[in-house]
Amino acid sequence: MQPSYDPQAVEREAQQFWEERRSFHVEEDSARPKFYCLSMFPYPSGKLHMGHVRNYTIGDVLTRYYRMRGYNVLQPMGWDAFGLPAENAAIANRVPPAKWTRDNIAYMKAQLRSLGFALDWERELATCSPDYYRWNQWLFTRLYRKGLAYKKTGVVNWDPVDQTVLANEQVIEGRGWRTGAPVEKREIPMYFLRITAYAEELLAALDGLPGWPEQVKLMQKNWIGRSEGVRVGFPYELDGEKRTLWVFTTRADTLMGTTFCAVAAEHPIAAFAARRDPAIKAFVDECKRGAVMEAELAQVEKQGMPTGIFAIHPLSGERLPVWVANYVLMGYGEGAVMAVPAHDERDYEFALKYGLPVKPVIRHPLGERVDPPWRPEYAEYGACINSGPYDGLAYQEAVERIAEDLEKRSLGSKQVQWRLRDWGISRQRYWGCPVPIVHCPACGDVPVPDAELPVKLPEHLVPDGSGNPLARMPEFTQTKCPACGAQARRETDTMDTFVDSSWYFARFCCPDQDRAMVDARARYWMPVDQYIGGIEHAILHLLYSRFFQRVMRDEGLLEVSEPFTNLLTQGMVLAESYYRDANGRREWINPADVVVEKDGKGKVLSAKTRDGSEVIYDGIGTMSKSKNNGVDPQALIDRYGADTARFYIIFASPPTNTLEWSDESVEGSYRFLRRVWAYCLKFSGAAAAGEDAGREVRFEIHSVLKQANYDLQKHQFNTVASAAMKILNALEGLPAARGPLAEEGLSILLRLLSPITPHLAHHLWRALGFGEDVMRAPWPEPDAAALERDEVELVVQVNGKLRGSIRVPREADRGAIEGLALANPNVQRFVAGQNVKKVVVVPGRLVNLVV
RNA sequence: GCCGGAAUGGCGGAACCGGUAGACGCAGCGGACUCAAAAUCCGCCGGUGGCGACACCAUGAGAGUUCGAGUCUCUCUUCCGGCACCA
C-alpha cells in the first residue's frame, strides 16, 4: 500500500478496472430480480453543477447498494438536449445550437465519468438526435389521428419589437428580456395534447403509488383539481339575440346570493362590450397587456368595469349586471363566474370596491349578517337563508334541489370540473423536435406519414432572437402534401421539450431499436423502480410522464400504467452569497473568494475579499449565476477527488433536505477518507493477533451496521456515512492493529462505504486481500449473536423528568425494575414522602414514576 | 394570490411507534508532537446557577392532548419549491 491516500491514482485505477470489465453494462436476465434506478437526465448546459452531482450520487449509492444485494440493476444516462439555453447561447456567440449542445455533452460526459458513477454508457441517448425524436413525431401522428392531439388557439407572450414569442423566463417584470418592450398577450394556433382525457385516471391512480412522497401526490392531486359543482346558465340578450352566460360553481347553495356576474377579458361578452364602448375596450386591452404567468395575474389588484349587459338570474329572474374583471381567468371553467360577495372573499372585495350589493344567503358561524371586514367564517357552509324555497336546507341538499330546478329549466346541471388544462406543446422556436404536420391548402393539416419520418431539423441554423429561423428557410417549409401531392407548407413550430423527457426512461431500455419506439426489453425493465430528481419537477414533468406512460400503454407499447414505482425528490443545493457596493450596484463575490472571520464561539464577525475589502453577507440561497455563488464541482474533484465530493454530498444532509454548501465540511470528509486509508495501512502492516478484546466493540459495530441497513431502506444516506465514521472510531479504539475483530469490522466498513466512495473501497478491498471486487461481495448483515446483551440500561424518570438510570438484567420483571428504580438515590430525593400513583415501564427504555 | 414543504447548539445534522434532545461531523477553545508551521493525536464544547453532586431553562412563537411532546392537534411567523413557454 502507498503510505498516503492519493485519490487521483486510486480513482484512475478503479475506473479503468470497471471499464475493462464493462462492469456496469446490463442485459435482461430473468434469473435475478431487476432494479431500474434512474436519475433525471441533465440538460447539457455547459458543465455539471452541484445539483447534478448530488442527484447522480444519490442514484449511484442506490444502484451500487442494490447491485450488492443481488439485483440486476440498470442505471442509464442521457441528455435532455433540446431547449432554450442553446438558442440563447447561439444569439450570444453565433454558434449553431447543435454544435454548442454537442460540445457541452462531450464535456459533461467526461465529468460524469470522472465521478465514477455505475452508469451503462452503452445506452446513452440525446433527445436532439433524429433517432430519438422521430418517435416523438411518430407518437404525435398516432395521437393526432385519435384526436388526443388537436389544434386550437393558445395565449403566448408577444414581444412587439422583436416580433417574437417569449418564454415566461424571457419576460422580466412585464417586459421583453432583450428589447425591454412591454410584453403583450397574443392568441395563436397551437397543438395541444388532450391530457384532460386522462385526468380521472391520473388522479385516481395516485392512491396506488405508495412509493411516492405524500407531498408530491398531494401537489399533483391539487393540480389536477377535480371539483364537483353545478354549471349554471344566466340568460341574456345581445342585439336582440337570446344567449346564455354559463358559469361553473362549487357553491350552488349560494346561487340565490348572486348579485352580479363577472367575465374574463377574453370572454365573448367582453369582446362585444369593447366593440361598442371605447372605455371598455381600453380596459380589456389593459387586461390583455402583460405576461401570461398565473403567479403575476393572481397578484394584480382586482379591477373591473360594467359591460352594460345584464343577465337574468335563472331562478329568481333578477336582472344582474355583467362585469369584466381581471381576476376571472379564461383558462379555467367557463371564463365567467357568478359573484356571491356575501360568501366569497374575492367577490366581496370586488363588490366593496365598486359598491355592488352584498346579499347574505347562508347562516354562518358568526350569524346571518355579513359586515366588513371580511371574515373567513362568511365562506363556511351553513343553512340557506333569504333563499325562498331553499331556506333551511344544508349544503348538500341545497345543491341537489337547486341543480334539479335548474335542470328543469335547461339552465344547468351537476358537473365535474377539472383544474387541469390540456397541454399546449407548440413552441415557436428552432431548437426542438419539429411538429410533423404539413399544411395543405386543400386537405388542411396532414400528419407526416411514417415512411417520411423523421422530419429532420436542419442543424446549421443560428437563431438571432427574432422569430423562428426555420420559417425563413424555404428548403424546410416548402413541401408536397402527403395526401394530395399539391404544394404545401411544412409546420415550423417545434415541440415543448417536456415531450422529449416524458418517455426517455422507456427508450433507455432499448435505445438502439430503429423499427419501433420501444420493444420487449422495455417490458422487462419498466417501470422504473427508483426515480430520483429535484422537487421542482413534482408536478409538470412527473405528471406529463405519467400521462405519456398511459398513452403508450394504450398504443400497446408498454404494459404498466405508472412509469415510476418509487420517487425520491432531492433537495436543492444552496450556498452563501456575498456582495459589495460598486457605485450603487451590487457586485456579487463568489464565496470561494471570501475570507470569513469568526469570534471565539464561531459566530461570523466579518467577511472580506482576499484583497481585504469588506463584503456584505446576503444569506443562503440556491446557487445561481446572478448571485455568483456557484461552487464548481470540477474544482472540488480536482482538489479532493470524486470520493470526497461524493462522501461530502451524502454526509452533509439527508437527500430530501436542502444541502447548504460548506468548504470546511468538505475538508472534514477528506480527513475521514484519509483516516480510513491510514487505518488500513496500519492494519496491512501489522502482525495478526490471535484475539482482540471487545465484546463491547463488536456489539457497537453490529448495532451501528443494523441501524445503517435500516437507514438505507429509508434512503437516509447521511446517517449511513455517519455509521461508517462510528465503525472506524470503534476500530481505532481496539488495542491491537490487527485481529479477527479488526478484520471483520474493516470488511463491514469497506462494504458499507463502497456505494458512497466506490473507488477507495475498491482499492482497499483488494489491497487488504478481502477479494478481487468489492462490488461482487455480499452486502453485510449484522450478526444476531453480537447484538445480544445480558443487561440493559433503563432511564428513570419522576413525573417525566430524568432523575437517574439503572442497569437491569434483560429478563427482569416489572416488580424488580420498579424496586431498582426506587432504590436509586437521586430518584429517592424526588419521590421521598410522596405517593407513587403510577409506574410506566417501557421495556428496554425507561421507567417513569408518577407521584 | 393559490398549492406544497421546512424551521433542533456558532454551523450541517441525529433522535426508529410519543419515551435519556444534541449521535456523527464542521467550526471554536485547550494540550501533545515540532526549531517552527502543516499534517496527525488527546481533551473540552447548548444556556444559566453551583466548588461539586446536581438543579433550572431550551427543538421558530403561542396554546392544547398525554404519566411523558422535537415528534400528535390548533393558531401564528419566517424561509424555500411550484404555478402550465427555464429545465
Side-chain angles (χ1 to χ4, degrees), chain A residues 4 40 42-43 45 80 83-85 154 156-157 165-171 213-216 218-219 221-223 225 292-300 327 331 346 419-421 423-429 496-498 501 534-541 543-544 569 571-572 574 598-604 619-622 651-654 656-669 671-672 674-675 678 707 710-711 714 716 718-719 721-726 729 793-797 799-802 805 826 829 837-840 842 845-846 848-851:
Chain A
S4 66
M40 290 180 184
Y43 177 79
S45 53
D80 188 13
L84 195 57
V156 294
N157 303 305
V165 174
L166 296 179
N168 284 340
E169 192 190 49
Q170 297 171 314
V171 179
E214 288 303 321
Q215 72 179 99
V216 174
L218 194 53
M219 279 192 264
K221 182 181 172 217
N222 292 336
W223 185 263
V292 297
M293 282 105 91
E294 195 189 307
E296 258 173 44
L297 293 172
Q299 282 174 85
V300 296
Y327 72 93
R346 286 184 312 175
R419 206 189 76 98
L420 182 68
R421 309 199 291 259
W423 174 14
I425 59 158
S426 294
R427 297 289 179 269
Q428 298 67 44
R429 270 190 266 288
D496 181 0
T497 56
F498 272 125
S501 56
I535 181 71
E536 66 273 19
H537 295 289
I539 295 176
L540 294 179
H541 164 61
L543 190 60
Y544 291 149
T569 50
M572 316 265 293
L574 311 179
K598 291 177 179 173
D599 70 6
K601 288 198 165 181
K603 273 195 172 176
V604 176
I620 205 147
T622 55
F651 177 63
S653 188
T656 52
N657 274 28
T658 54
L659 188 157
E660 293 173 28
W661 195 260
S662 154
D663 286 325
E664 289 94 346
S665 292
V666 172
E667 193 66 48
S669 296
R671 190 176 306 150
F672 169 68
R674 284 201 312 263
R675 272 178 61 209
Q707 182 65 42
Y710 178 73
D711 291 346
K714 285 195 304 179
Q716 189 171 297
N718 56 323
T719 49
S722 297
M725 290 174 159
K726 287 178 186 173
N729 290 346
E793 187 168 303
L794 292 186
V795 159
V796 185
Q797 297 180 336
N799 287 343
K801 292 214 176 226
L802 176 67
S805 68
N826 200 45
R829 277 177 53 209
K837 281 192 283 189
K838 188 176 172 185
V839 179
V840 182
V842 183
R845 289 220 169 252
L846 59 71
N848 188 16
L849 307 168
V850 185
V851 299

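All values below come from the heavy atoms of this structure, side chains included, with hydrogens, waters and symmetry mates left out.
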J.: Determine the Euclidean distance between corresponding C1' atoms of B:rG13 and B:rA27; express it in Å to zero decimal places.
T.: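 Roughly 14 Å separates the two C1' atoms.
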
J.: Crowded around A:Lys714 NZ? As in, over 12 foreign heavy atoms under 6.0 Å?
T.: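 Result for NZ/A:Lys714: enclosed.
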
J.: OP1 or OP2 of B:rG1 versus the side-chain N and O atoms of A:Arg346: is any pair under 4.0 Å?
T.: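 Indeed not, no polar side-chain atom of A:Arg346 lies that close.
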
J.: Could you please name the option among B:rA87, B:rG12, B:rA55 that lies closest to any side-chain atom of A:Asn826?
T.: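 The nucleotide sitting nearest to the side chain is B:rA55.
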
J.: Nearest whole angstrom, please: distance from the C1' of B:rC3 to the CE of A:Met293.
T.: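 Rounded to whole Å, this separation is 18 Å.
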
J.: Checking contacts here: which listed nucleotide (B:rG25, B:rC67, B:rA15) is nearest the side-chain heavy atoms of A:Lys838?
T.: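 Selected nucleotide (nearest to the side chain): B:rC67.
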
J.: About how many Å separate CG of A:Leu543 and CE of A:Met219, when rounded to the nearest 0.5 Å?
T.: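 These two atoms lie 12.0 Å from each other.
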
J.: If the P atom of B:rC44 is compared with that of B:rG22, how far apart are they to the nearest Å?
T.: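 To the nearest whole Å, 15 Å.
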
J.: Please work out if A:Val850 contacts a base, only the sugar-phosphate, or nothing of the nucleic acid, heavy-atom cut-off 4.0 Å.
T.: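 Sugar-phosphate, backbone atoms only, no base.
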
J.: Minimum heavy-atom separation for A:Asp80 and A:Tyr43, please, with both atom names.
T.: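 Result for this residue pair: O-CD1, 2.9 Å.
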
J.: Give a yes or no on whether A:Arg419 atom CZ has more than 12 heavy-atom contacts from other residues, nucleotides or ligands under 6.0 Å away.
T.: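 Yes, because the 6.0 Å sphere around CZ of A:Arg419 holds more than 12 heavy atoms from other groups.
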
J.: Can you check whether any acceptor in the base of B:rC85 is under 3.5 Å from a donor in the side chain of A:Gln428, or vice versa?
T.: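 Side chain to base: pair found, below 3.5 Å.
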
J.: Which whole-number value in Å describes the distance from A:Glu294 CD to B:rG81 P?
T.: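 One finds 18 Å between P of B:rG81 and CD of A:Glu294, rounded.
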
J.: Nearest-Å distance, CE (A:Met572) to P (B:rG5)?
T.: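 In whole Å, B:rG5 P lies 18 Å from A:Met572 CE.
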
J.: Side chain of A:Met219: nearest nucleotide among B:rC3, B:rC26, B:rG1?
T.: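 Nearest listed nucleotide: B:rC3.
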
J.: Please state how far atom CD in A:Glu214 lies from atom C1' in B:rG81, giving the value in whole angstrom units.
T.: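 These atoms are roughly 18 Å apart.
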
J.: Could you classify B:rC17 for me, syn or anti, using a glycosidic angle within 90° of 0 as syn?
T.: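 With its glycosidic angle within 90° of zero, B:rC17 counts as syn.
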
J.: Looking at A:Gln215 and B:rG4, is any side-chain donor or acceptor paired with a base atom of the opposite kind under 3.5 Å?
T.: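 Check fails, no donor-acceptor contact within cut-off.
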
J.: Give A:Phe672 one of three labels, base, sugar-phosphate or nothing, depending on what nucleic acid heavy atoms sit under 4.0 Å from its own.
T.: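 A:Phe672: no heavy atom of the nucleic acid under 4.0 Å.
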
J.: Quick one: closest heavy-atom pair of A:Ala167 and A:Asn157, and the distance?
T.: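 Heavy atoms of A:Ala167 and A:Asn157 come nearest at C-ND2, 3.8 Å.
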
J.: Any side-chain N or O of A:Arg671 below 4.0 angstrom from OP1/OP2 of B:rC26?
T.: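 Yes, such a contact exists.
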
J.: Nearest whole angstrom, please: distance from the P of B:rC86 to the NE2 of A:His537.
T.: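 To the nearest whole Å, that distance equals 12 Å.
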
J.: Counting the atoms with a prime plus P, OP1 and OP2 as sugar-phosphate, which does A:Leu659 contact under 4.0 Å by heavy atoms, base, sugar-phosphate, or nothing?
T.: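 No contact.
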
J.: Are OP1 or OP2 of B:rG25 and a side-chain N or O of A:Asn729 less than 4.0 angstrom apart?
T.: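 It does, given that an N or O in the side chain of A:Asn729 lies less than 4.0 Å from OP1 or OP2 of B:rG25.
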
J.: Of all the choices, B:rA87, B:rG13, B:rG81, which nucleotide is nearest to the side chain of A:Tyr43 once you look at every atom?
T.: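 Among the listed nucleotides, the one closest to the side chain of A:Tyr43 is B:rA87.
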
J.: Look at all strands and tell whether A:Ala652 reaches a base, only sugar-phosphate, or nothing, counting heavy atoms closer than 4.0 Å.
T.: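 Sugar-phosphate contact only - A:Ala652 comes under 4.0 Å of backbone atoms but never of a base.
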
J.: Looking only at non-hydrogen atoms, find the nearest pair between A:Asp496 and A:Gly424 and report the distance.
T.: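 A:Asp496 and A:Gly424 have their closest heavy atoms at OD2-O, 4.4 Å.
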
J.: So do the side chains of A:Glu536 and A:Met572 get within less than 4.5 Å of each other, counting heavy atoms only?
T.: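 Result yes, sub-4.5 Å side-chain heavy-atom pair found.
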
J.: Minimum heavy-atom separation for A:Gln170 and A:Leu84, please, with both atom names.
T.: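 Heavy atoms only, the tightest pair is NE2-CD1, 3.7 Å.
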
J.: Contact class for A:Thr658 (heavy atom, under 4.0 Å): base, sugar-phosphate, or nothing?
T.: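 Sugar-phosphate contact only.
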
J.: Is the glycosidic torsion of B:rG68 within 90° of 0, making it syn, or is it anti?
T.: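 Here the answer is anti: the torsion falls beyond 90° from 0.
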
J.: Does A:Asp80 reach a base, just sugar-phosphate, or nothing at all? Heavy atoms under 4.0 Å.
T.: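 The answer is sugar-phosphate, as A:Asp80 gets under 4.0 Å only of primed atoms, P, OP1 or OP2.
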
J.: For the side chain of A:Asn657 and the backbone of A:Gly571, is there at least one donor-acceptor N/O pair under 3.5 Å apart?
T.: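 No.
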
J.: Considering only atom P, compute the distance from B:rU75 to B:rA84 and round it to an integer number of Å.
T.: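 Rounded to whole Å, the distance is 29 Å.
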
J.: Just how far, in rounded Å, is P of B:rA14 from CG of A:Asp711?
T.: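 It works out to 9 Å between those atoms.
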
J.: A:Pro654 near the nucleic acid: base, sugar-phosphate alone, or nothing, with a heavy-atom cut-off under 4.0 Å?
T.: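 Contact class for A:Pro654: sugar-phosphate only.
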
J.: Find the partner of B:rA53: check Watson-Crick (N1-N3 plus N6-O4 or O6-N4) and G-U wobble (N1-O2, O6-N3) distances, both under 3.5 Å, and reply none if neither fits.
T.: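 Its partner is none (no Watson-Crick or G-U wobble pair with both distances under 3.5 Å).
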
J.: I want to check one thing: is the phosphate of B:rA87, taken as OP1 and OP2, less than 4.0 Å away from some side-chain N or O of A:Thr497?
T.: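 So the side-chain polar atoms of A:Thr497 do come within 4.0 Å of the phosphate oxygens OP1 or OP2 of B:rA87, strictly under.
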
J.: May I ask you to verify if any side-chain N or O of A:Ser805 is less than 4.0 angstrom from the OP1 or OP2 atom of B:rU20?
T.: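 So the side chain of A:Ser805 is outside the cut-off, no N or O lying under 4.0 Å from OP1 or OP2 of B:rU20.
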
J.: Nearest whole angstrom, please: distance from the P of B:rC2 to the CD1 of A:Ile539.
T.: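 It is 16 Å, rounded to the nearest whole Å.
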
J.: With rounding to the closest Å, how many angstrom separate the P atoms on B:rA58 and B:rG52?
T.: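 Result for the P pair: 23 Å, nearest Å.
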
J.: What does A:Phe651 touch in the nucleic acid at a heavy-atom separation under 4.0 angstrom: a base, only the sugar-phosphate, or nothing?
T.: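 Base, at least one base atom sits under 4.0 Å.
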
J.: If you check every side-chain atom of A:Leu218, which of B:rG19, B:rA15, B:rG5 has the closest atom?
T.: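 The answer is B:rG5.
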
J.: Between A:Gln716 and B:rA15, does any side-chain N or O lie under 4.0 Å from OP1 or OP2?
T.: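 Result: yes.
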
J.: If you check every side-chain atom of A:Ala167, which of B:rC86, B:rG81, B:rA84 has the closest atom?
T.: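 Nearest to the side-chain atoms of A:Ala167, counting from C-beta on, is B:rC86.
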
J.: Please measure how far the P atom in B:rG12 lies from the corresponding atom in B:rA7, and state the result in whole Å.
T.: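 Roughly 12 Å separates the two P atoms.
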
J.: For the side chain of A:Lys726, counting heavy atoms from C-beta on, which of B:rC85, B:rC24, B:rC41 is nearest?
T.: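 Of the options given, the side chain of A:Lys726 lies nearest B:rC24.
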
J.: Does a distance-only test, which skips hydrogens and angles, find a donor-acceptor pair under 3.5 Å between the side chain of A:Asn222 and the base of B:rC3?
T.: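 When only heavy-atom distances are counted, A:Asn222 does not reach the base of B:rC3 through any donor-acceptor pair under 3.5 Å.
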
J.: Want to settle it: does A:Thr719 or A:Pro85 sit nearer the 5' end of RNA chain B, counting the closest nucleotide to each?
T.: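 The residue mapped nearer the 5' terminus is A:Thr719.
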
J.: Can you tell me how far P in B:rG25 sits from the matching atom in B:rU73, rounded to whole Å?
T.: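 Per the computed distance, 34 Å lies between those P atoms.
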
J.: Select one nucleotide: of B:rA84, B:rA23, B:rC85, the one nearest the side-chain heavy atoms of A:Trp223.
T.: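 Output: B:rA84.
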
J.: Between B:rC41, B:rA39, B:rA84, spot the one nearest the side chain of A:Leu540, thanks.
T.: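 Selected nucleotide (nearest to the side chain): B:rA84.
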
J.: With heavy atoms under 4.0 Å as the rule, sort A:Leu84 into base, sugar-phosphate or nothing.
T.: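 Result for A:Leu84 = sugar-phosphate.
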
J.: B:rG60 and B:rA23: how far apart are their C1' atoms, nearest whole angstrom?
T.: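 That atom pair is separated by 23 Å.
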
J.: Which atom names give the shortest non-hydrogen contact between A:Ser805 and A:Glu793, and what distance separates them?
T.: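 Nearest heavy atoms, A:Ser805 then A:Glu793: OG-OE2, 3.8 Å.
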
J.: What integer number of Å spans the C1' atoms of B:rU48 and B:rG9?
T.: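 Approximately 15 Å lies between the C1' atom of B:rU48 and that of B:rG9.
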
J.: Measure from the side chain of A:Lys801, starting at C-beta and using heavy atoms only, and say which of B:rC56, B:rC85, B:rG13 lies closest.
T.: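 For A:Lys801, the side-chain atoms sit closest to B:rC56.
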
J.: Hey, is the side chain of A:Arg421 poking within less than 4.0 Å of OP1 or OP2 on B:rA84, counting only N and O atoms?
T.: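 No, A:Arg421 has no side-chain N/O under 4.0 Å of OP1/OP2 on B:rA84.
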
J.: Under 4.0 Å, heavy atoms only, any strand: does A:Arg829 hit a base, just the sugar-phosphate, or nothing?
T.: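 Sugar-phosphate contact only - A:Arg829 comes under 4.0 Å of backbone atoms but never of a base.
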
J.: Is A:Gln707 touching bases, backbone alone, or none of the nucleic acid, heavy atoms closer than 4.0 Å?
T.: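 The answer is base, as A:Gln707 lies within the cut-off (heavy atoms under 4.0 Å) of a base atom.
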
J.: For A:Glu536 and B:rC86, give me the distance from atom CD to atom P, rounded to whole Å.
T.: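 The distance from CD of A:Glu536 to P of B:rC86 comes to 13 Å, rounded to the nearest Å.
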
